[in-house]
Each structure stands twice: as structure tokens, then as C-alpha cells.
Participant: 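One structure is given below, represented as C-alpha cells, and several questions about it will come after.
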Amino acid sequence: SLSAVRGDLGVRQLLARVAEGFLAEGLSAPHLDKVRALYLEKRDIALAALEQHCAGSLSWNAPEGGYFLWCTLADGIDGREVLKRAFAAGVVCRPGERFFGDPEPAKSFFRLAFTMVPIEEIEPGIAALGRAIAASAG
């Protein structure tokens, strides 16, 4: 049975103890400050790259927090084709169909993550996305 493998059927005890020590020693606040600053820098790089490479064919939000940019393609641009071309260039976006009940209107939307991407890859990735959008415009 699973209980023989994991006595608590939940979080690994070693991980729980490490996390408890991390919190007890007051290390979480400085760590969160570093993470927030890094994510803010990445967000700002992504927003500047979108402005440079995608303005006019794409609109997006400028989130105050979180991990994602929500993007909307201009009319006449095939979202499925954009995501296919972007994927071929090494850029993965979450299609809007994943977030809407009706997939047809959702095809002009996609979610773009920026937090897990290394800083030096953000601008080149968004440039590739811009090329995919330009190539997919009707």
C-alpha cells in the first residue's frame, strides 16, 4: 500500500523540516524580496520586448503581480497559427482555449509566462513570437 511508502501520504518530511527551518530562521522575507525584484525585472523586460516586437498586432496586460501576461491578437491574425509557429521557434504559450468555455473566440488569446525564463532569453523569445505573429497575419 502507499502508506508503506509514505507514512504521512503528504509532504515529504525532509522537505517539511527544511521549510520549517527556513521560516523559523527568518530567511523567507529576504528570499521573497529577491524573488519579487527578479520577477519585476523579468516582467519589465518582457513588456519592453512586447512593445518593441509585437506592438500593433498584439495587446497585453501589465500585471502588478503574478507570473503571466495575458495577450490578445489583433483581428485577422490566426492564433493557432501563431502558437504553432512560435512553438517551432522554441516559444511556448498557453492557448486561450484552455481558459474559455467556447474555444472559437478564445483563439485570439494566449497566456505568456515570464518568470521561469532566464532573463537573457526573454527578449529573443518575444522577438521570435513577433516574427510568428507577423508570419501568421492574414
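Predicted model only: the values in this text are computed from it and were never measured.
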Participant: Can you sort out the partners of Arg36 under side-chain hydrogen bond (donor to acceptor under 3.5 Å, both in side chains), two or more places apart, ordered by chain and number?
Facilitator: Asp33

Participant: Which residue pairs pass the side-chain hydrogen bond (donor to acceptor under 3.5 Å, both in side chains) test when at least one of the two sits in residues 56-75, sequence neighbours left out?
Facilitator: none

Participant: With the side chain counted from C-beta on, respond yes when Leu129 and Val82 share a heavy-atom pair under 4.5 Å apart, and no when they do not.
Facilitator: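 Of all side-chain heavy-atom pairs linking Val82 with Leu129, at least one is under 4.5 Å.
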
Participant: Would you indicate whether the side-chain heavy atoms of His31 and Phe22 approach each other to under 4.5 Å?
Facilitator: yes

Participant: What is the minimum heavy-atom distance between Ala74 and Gly56, and which atoms define it?
Facilitator: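 For Ala74 and Gly56, the tightest heavy-atom pair comes out as CB-O, 4.0 Å.
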
Participant: By the ring-ring contact (aromatic ring centres under 6.0 Å, His included) test, which pairs, at least two apart or in different chains, include something from residues 116-137?
Facilitator: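 Of all non-adjacent pairs touching residues 116-137, none passes ring-ring contact (aromatic ring centres under 6.0 Å, His included).
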
Participant: Is it possible for you to say whether Val35 and Phe68 belong to one hydrophobic cluster, with membership spreading through side-chain heavy-atom contacts below 4.5 Å?
Facilitator: yes

Participant: Output a table of donor-acceptor pairs, distance under 3.5 Å, between side-chain atoms of residues 83-90 and any protein atom two or more places apart or on a different chain; print 'none' if there are none.
Facilitator:
unit_1 : atom_1 : unit_2 : atom_2 : d
Lys84  : NZ     : Glu81  : OE1    : 3.4
Arg85  : NE     : Glu81  : OE2    : 2.9
Arg85  : NE     : Ser136 : OG     : 3.4
Arg85  : NH2    : Glu81  : OE2    : 3.3

Participant: Out of curiosity, Cys71 SG to Arg111 CZ, how far, rounded to the nearest 0.5 Å?
Facilitator: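 That separation rounds to 11.0 Å.
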
Participant: Return all side-chain donor-acceptor pairs below 3.5 angstrom for residues 43-52, not counting sequence neighbours, or 'none' if the list is empty.
Facilitator:
unit_1 : atom_1 : unit_2 : atom_2 : d
Arg43  : NH1    : Pro63  : O      : 2.6

Participant: Name the residue from Leu58, Leu69, Val92 that meets the side-chain contact (heavy atoms from CB on, under 4.5 Å) definition with Phe110.
Facilitator: Leu58

Participant: Please tabulate, one pair per line, all N/O donor-acceptor pairs under 3.5 Å involving side-chain atoms of residues 113-125, not counting sequence neighbours.
Facilitator:
unit_1 : atom_1 : unit_2 : atom_2 : d
Glu123 : OE2    : His53  : NE2    : 2.4

